[in-house]
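Contents: one structure, followed by commentary.
We name chains A, B, ... by the order of the sequence lines, and we start the count at 1 in each one.
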Number of protein chains: 2
Amino acid sequence: MATLKYSRQRESIREFVMNSREHPTADTVYAGIKAEFPNISLGTVYRNLSLLVDLGEIAKITTGDGPDRFDCNTKPHSHFICTQCHNITDIEASEFDCMKEKVAESFDGKITGHMTTFYGICKECLEAKKIKKTS
Amino acid sequence: MATLKYSRQRESIREFVMNSREHPTADTVYAGIKAEFPNISLGTVYRNLSLLVDLGEIAKITTGDGPDRFDCNTKPHSHFICTQCHNITDIEASEFDCMKEKVAESFDGKITGHMTTFYGICKECLEAKKIKKTS
DNA sequence: ATACATGCAAATAGTTTGCAAGAAG
DNA sequence: CTTCTTGCAAACTATTTGCATGTAT
């Protein structure tokens with residue numbers, strides 16, 4: 001089993017995601033650390049992001065349209081994805097945190113994780129539309 | 001606005017998904033109707049599947065690994081995806097059907113849909129593993 | 001006739017991988 | 001010195017698109 005070795009690139013990638021509130025894509029991370037590592041490659045970013053996901057330090061959000069996003073918050077919560085601007089907002093709905101346990105009771109397999117995503121139009125895009133309509 | 005015109009291919013694609021309990025991929029649909037339409041192209045299958053999704057006749061399931069899947073069941077329900085065999089099982093958890101409404105109350109945007117996916121190892125794969133261990 | 005749909009092939013997006021060279025333990 | 005990691009480029013998977021031709025209305 002591969003023993004992990006320190007790398008400055010990986011630390012930078014972790015830092016970037018940890019300090020990000022925007023649920024960055026691999027590309028955003030890549031762009032964000034390019035100043036510090038001008039020669040870094042997208043491949044390295046992808047490799048390290050999925051490594052950090054495997055380690056449980058960050059989480060991967062599958063959007064269903066567009067690239068995957070990464071989340072520094074690994075605690076149970078849901079996401080709202082705006083189908084117009086593609087921004088992702090955290091949704092805390094503690095009454096549903098027990099979902100996994102609840103469903104596990106009556107399911108004949110091993111449930112390791114779950115993910116709830118809401119789709120729609122965010123407040124900002126609704127307002128932007130209203131402006132367009134009146135103009 | 002494009003007025004829909006009848007096509008035998010589209011009907012066949014709809015039929016196939018409607019009679020499918022396996023949440024087929026575009027490729028599976030393609031393979032499944034190739035006997036009837038030997039010259040059909042994948043592009044046509046993709047075009048019609050997304051058309052049917054837009055019409056609300058079928059639903060698209062984003063898996064997060066591997067290709068999208070399609071579902072004849074458009075009523076609110078969740079899915080379990082086995083990370084090993086990639087089979088998808090429907091999960092009916094009516095206590096969570098109100099999720100959308102509940103979350104909408106305290107959210108400043110328009111929520112149009114939501115999707116909950118559970119990940120893990122299905123019963124069959126768990127049993128298969130057990131056999132391997134003892135052999 | 002007109003407009004939508006098809007088949008084909010090429011293009012695109014996102015991500016993964018092989019490999020030689022570089023850095024960590 | 002051995003193993004892990006990197007950068008680069010090529011490969012790959014899933015999906016979309018342009019275009020000439022075919023089909024429905």
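Among the atoms of the strands shown, base atoms are found under 4.0 Å from some heavy atom of A:Y46. Here B:D27 lies out of heavy-atom contact (under 4.0 Å) with every strand.
In this structure, B:R10 reaches the C:dA5 phosphate: one of its side-chain N or O atoms is under 4.0 Å from OP1 or OP2. In this model, the phosphate group of D:dC8 is not approached by any side-chain N or O of A:S41 to a distance below 4.0 Å at OP1 or OP2. An OP1 or OP2 oxygen of D:dG22 is reached within less than 4.0 angstrom by no side-chain nitrogen or oxygen of B:N39. Contact check, B:S50 against D:dT16: no side-chain N or O comes under 4.0 Å of OP1 or OP2.
Each of C:dC8, D:dA24, C:dT15 was ranked by its minimum atom distance to the side chain of A:D68; first place goes to C:dT15. In this structure, of C:dA5, D:dA14, D:dT6, it is C:dA5 that holds the atom nearest to the side chain of B:L4. Of the listed nucleotides (D:dG7, D:dT25, C:dG14), D:dT25 has the atom at the smallest distance from the side chain of B:Y6.
The side chain to side chain contact (heavy atoms under 4.5 Å, CB included) test with B:Y119 is passed by exactly one of B:T63, B:I81, B:D65: B:I81.
What separates CD of B:E11 from C1' of C:dC4 is a distance of 15 Å, to the nearest Å. Rounded to an integer number of Å, the gap from A:L51 CG to C:dT15 C1' is 16 Å. For the pair B:Q9 CD and D:dT23 C1', the interatomic distance rounds to 9 Å; values are reported in whole Å. The OH atom of A:Y30 sits 14 Å away from the P atom of D:dT6 (whole-angstrom rounding). Rounding to whole angstrom units, CG of residue B:L42 and P of D:dT13 are separated by 14 Å. As a whole-Å value, the separation of B:F37 CZ from D:dT23 P is 12 Å. Summarising the geometry, the separation between CG on A:N48 and P on C:dT15 is reported as 15 Å, rounded to the nearest angstrom. Per the geometry, CZ belonging to A:R8 stands 10 Å off P belonging to C:dA23, to the nearest Å.
The base of C:dA5 has none of its N or O atoms less than 3.5 Å from a complementary donor or acceptor on the side chain of B:K5.
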| query | Hey, mind stepping through A:S12 and A:E36 against side chain to side chain donor-acceptor pair (under 3.5 Å) and telling me if it holds? | reply | CA-CA 9 Å; A:S12 178; A:E36 194 182 351; 3.1 Å; yes
| task | Give the C-alpha distance, both sets of side-chain angles, the deciding distance and a yes or no for salt bridge (charged side-chain N to carboxylate O under 4.0 Å, His left out) between B:E11 and B:R14. | result | CA-CA 5 Å; B:E11 277 319 300; B:R14 170 198 277 121; 2.3 Å; yes
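Distance alone, capped at 3.5 Å, places no donor-acceptor pair between the A:T116 side chain and the A:S78 backbone. Under a 3.5 Å cut-off, the side chain of A:R69 and the backbone N or O of A:H23 do form a donor-acceptor pair. Under a 3.5 Å cut-off, the side chain of A:S7 and the backbone N or O of A:R10 do form a donor-acceptor pair. When atom types are taken as modelled, the side chain of B:T83 and the backbone of B:G120 share a donor-acceptor pair closer than 3.5 angstrom.
Along DNA chain D, the nucleotide nearest to B:R47 and the one nearest to A:S7 differ in position, and the one closer to the 5' end is contacted by A:S7.
Rounded to 10 degrees, the angle separating the terminal axes of the helix from C:dA1-D:dT25 to C:dG25-D:dC1 is 30°, with each axis obtained from five end pairs.
With hydrogens and angles left out, the side-chain atoms of A:D71 and A:H79 include a donor and acceptor closer than 3.5 Å.
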